[in-house]
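Remarks on the structure that follows.
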There are 2 protein chains.
Amino acid sequence: MDISLKGLRCFVAVAEERHFGRAADRLGIAQPAVSQQLQRLEAALDMTLVRRDGRGVLLTEAGAAFLPHARDTLESSRLAIRAGEAAMRGETGTVTIGLTPGVPPHRLADLMRQVAVARPGARLRVRETRIEDACAQLADGTMRFAVTSGFTPPSVSPPIEVAELAAEPLAVALHRDHPLARRETLTLPELAAERFTTIARDAIREQPFGLHGMCRRTGFRARKFAEVDDVTTQLALVATGLSAAALPLSMSRDAPADVTFVPLADQEPLRTMLLHDRRRGLPEVGDLLRIATPV
Amino acid sequence: MDISLKGLRCFVAVAEERHFGRAADRLGIAQPAVSQQLQRLEAALDMTLVRRDGRGVLLTEAGAAFLPHARDTLESSRLAIRAGEAAMRGETGTVTIGLTPGVPPHRLADLMRQVAVARPGARLRVRETRIEDACAQLADGTMRFAVTSGFTPPSVSPPIEVAELAAEPLAVALHRDHPLARRETLTLPELAAERFTTIARDAIREQPFGLHGMCRRTGFRARKFAEVDDVTTQLALVATGLSAAALPLSMSRDAPADVTFVPLADQEPLRTMLLHDRRRGLPEVGDLLRIATPV
DNA sequence: GATGTCCATAACGAAACATTATCACCGGCA
DNA sequence: TGCCGGTGATAATGTTTCGTTATGGACATC
């Protein structure tokens with residue numbers, strides 16, 4: 001069997017109440033139903049989430065790791081409903097643009113300026129997604145176009161067109177006072193002692209770019225410092241002086257003063273690409289490409 | 001009835017295939033089952049998601065708005081399973097720290113430096129959450145402490161302690177060449193003509209801080225430019241010169257050179273707070289508070 | 001108007017899910 | 001030691017969900 005939202009709701013309630021009976025009260029159902037839902041959930045996952053322990057319950061390691069994501073899933077389902085309701089109320093006409101991490105901000109600014117000029121008054125929504133989701137949304141018309149970063153152009157289904165906008169050096173961000181910060185260039189092996197902060201988003205935004213991809217391609221083993229959710233936080237941790245980060249060079253424009261960027265000599269440039277669905281017109285794309293010519 | 005993951009899977013398949021039969025094939029079930037699931041889903045939501053249109057299907061407005069979130073929900077459930085499995089394999093010992101948007105990066109850097117010193121070698125995970133989720137995770141021990149920003153201290157249940165770290169001016173970020181960019185201070189009414197870029201995350205991270213909160217408290221109606229997912233993108237759009245953004249003043253340290261910050265004179269300072277669960281020790285908190293004394 | 005495609009509906013069996021009643025376990029306590 | 005209150009699990013049972021196959025009806029194309 002598969003997991004269900006019902007099961008997740010039960011698990012979250014039990015985890016928070018530390019008590020099957022109270023969880024059942026909160027959910028407005030009888031206690032055995034909670035027991036059964038949790039058993040079904042554990043069976044589906046093939047793991048024990050809570051330790052039944054005479055007096056109340058205790059989360060297992062797996063349960064503790066599962067819990068925040070279970071909450072995320074429930075919250076996400078609520079958001080889905082709200083989004084649908086908002087659309088029903090006629091809140092529409094938003095232009096959605098996809099974005100994967102690693103796109104240099106100033107490059108995005110150039111594009112957005114162009115879009116805003118082409119469609120004055122439109123409400124814009126820039127949505128960070130995995131490349132696969134961007135393609136799916138382009139295909140179903142939910143998204144107008146997407147900007148993505150990676151070493152090699154993503155393979156996309158025929159109707160989606162890929163245009164290269166830029167190719168720029170990948171760099172390592174270090175604290176200003178770091179011994180390696182004055183170097184002109186660096187190579188990965190020289191960074192073996194560093195601890196890296198990466199964008200986690202729990203693999204939602206897994207990309208061929210960044211540390212994971214580099215490690216996979218070069219065999220370099222990066223030590224981890226922290227996982228964070230966005231570039232701003234990533235740079236904040238580099239600013240602690242305790243961590244490094246791999247980022248496109250031009251991100252240095254948006255970094256705190258005490259963070260230095262050193263190009264990675266042994267890495268191929270990061271290519272920024274524009275994806276759009278050829279079937280759906282996108283008259284702006286001509287302009288977009290004109291202003292954003294490859295470096 | 002409630003919505004189910006099964007229903008969401010069916011809807012996504014139908015939306016992507018634009019065809020009930022192919023969707024059924026992909027899901028490995030019979031076509032009527034797909035029809036029924038979709039009917040149940042639509043009944044639960046009380047909205048029409050797809051228009052059955054003789055030849056194939058077409059998404060409604062509501063369906064198009066619902067679709068990306070449905071995908072998010074499914075992805076999130078997959079992540080939950082992966083997180084549980086990772087914990088089963090013994091990948092543990094991570095220190096999780098909560099963060100709500102609006103916390104000045106350098107303030108976070110100070111804290112993280114302290115944490116890293118106190119627990120050398122620990123894997124750190126900085127997780128952006130809503131304040132409610134942070135409290136829930138503090139309560140169940142999944143999170144060690146959380147840093148949050150807002151005008152008023154959050155109301156939290158007794159065992160969770162709140163300590164104020166800083167109070168700093170709220171500012172509006174404008175392009176360097178904007179007529180108002182040279183002012184010493186600004187007030188909200190002076191910004192009535194601006195279009196703002198806000199952090200959306202589709203209200204996951206809805207906060208009393210930021211535009212929504214300010215508007216609610218002052219009656220100011222902000223015009224919208226775009227909704228984005230993180231501060232980096234937000235600043236990139238301010239750099240287009242077409243949009244403003246409301247941010248804590250010290251975020252200017254991390255902004256591109258062509259973005260100027262002007263303090264908002266009619267807004268109370270944004271307070272940064274540290275939340276932790278008193279029952280669970282947290283010996284570091286003494287140090288944290290010592291180094292991060294209120295400004 | 002015959003035909004094919006597509007989705008909806010009907011009918012029905014199996015699995016899921018809820019209920020109430022009861023059991024088994026454990027900790028405290030006289 | 002043996003009883004007790006409180007915990008979660010289990011049993012028995014009815015309802016709903018959810019899948020199946022078979023069939024119907026709408027709407028294109030030719």
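Given the structure is predicted, the values throughout are model-derived calculations rather than measurements. Note on naming: letters A, B, ... go to the chains in the order of the sequence lines (proteins, then strands), and numbering restarts at 1 for each one. Excluded from the calculations below are hydrogen atoms, water molecules and symmetry mates; all remaining heavy atoms, backbone and side chain alike, are included.
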Does a side-chain N or O of [X] approach OP1 or OP2 of [N] to a distance below 4.0 Å, or not?
{"X": "B:His19", "N": "C:dC7", "answer": "yes"}
{"X": "A:Arg52", "N": "D:dA9", "answer": "yes"}
{"X": "A:Gln36", "N": "D:dG8", "answer": "no"}
{"X": "A:Ser35", "N": "D:dG8", "answer": "no"}
{"X": "B:Arg40", "N": "D:dT17", "answer": "no"}

Determine the contact category for [X]: base if any of its heavy atoms lies under 4.0 Å from a base atom, sugar-phosphate if only primed atoms, P, OP1 or OP2 are that close, otherwise nothing.
{"X": "A:Gln37", "value": "sugar-phosphate"}
{"X": "A:Gln39", "value": "sugar-phosphate"}
{"X": "A:Val34", "value": "nothing"}

- line: Rounding to 0.5 Å, atoms CZ (B:Arg71) and CD (B:Glu16) come to a distance of 4.5 Å
Please state how far atom [atom1] in [X] lies from atom [atom2] in [N], giving the value in whole angstrom units.
{"X": "B:Glu42", "N": "C:dA8", "atom1": "CD", "atom2": "C1'", "value": "12 Å"}
{"X": "A:Asp2", "N": "D:dG19", "atom1": "CG", "atom2": "C1'", "value": "14 Å"}
{"X": "A:Leu41", "N": "C:dA16", "atom1": "CG", "atom2": "P", "value": "14 Å"}
{"X": "B:Arg18", "N": "C:dC7", "atom1": "CZ", "atom2": "P", "value": "12 Å"}
{"X": "B:Arg22", "N": "C:dT5", "atom1": "CZ", "atom2": "C1'", "value": "11 Å"}
{"X": "B:Leu27", "N": "D:dC18", "atom1": "CG", "atom2": "P", "value": "14 Å"}
{"X": "A:Gln31", "N": "C:dA21", "atom1": "CD", "atom2": "P", "value": "14 Å"}
{"X": "A:Leu8", "N": "C:dC17", "atom1": "CG", "atom2": "C1'", "value": "16 Å"}

message: Test side-chain contact (heavy atoms from CB on, under 4.5 Å) on A:Arg9 and A:Leu74; report intermediate values, then the result.
response: CA-CA 7 Å; A:Arg9 260 187 288 271; A:Leu74 294 172; 3.9 Å; yes
- prompt: Can a salt bridge be assigned to the pair B:Arg82 and B:Glu85 using a cut-off of 4.0 Å between side-chain N and carboxylate O?
  reply: no
query: Does A:Asp133 pair with A:Arg127 as a salt bridge, N-O distance under 4.0 Å?
result: no
field: B:Asp229 versus A:Glu128, closest heavy-atom pair with distance
entry: OD2-N, 2.7 Å
- prompt: Does A:Lys6 or A:Val57 map to a spot on DNA chain D nearer the 5' end, using the closest nucleotide for each?
  reply: A:Val57
- line: From the candidates D:dG8, C:dT20, D:dC18, the one with an atom nearest any side-chain atom of A:Phe20 is D:dG8
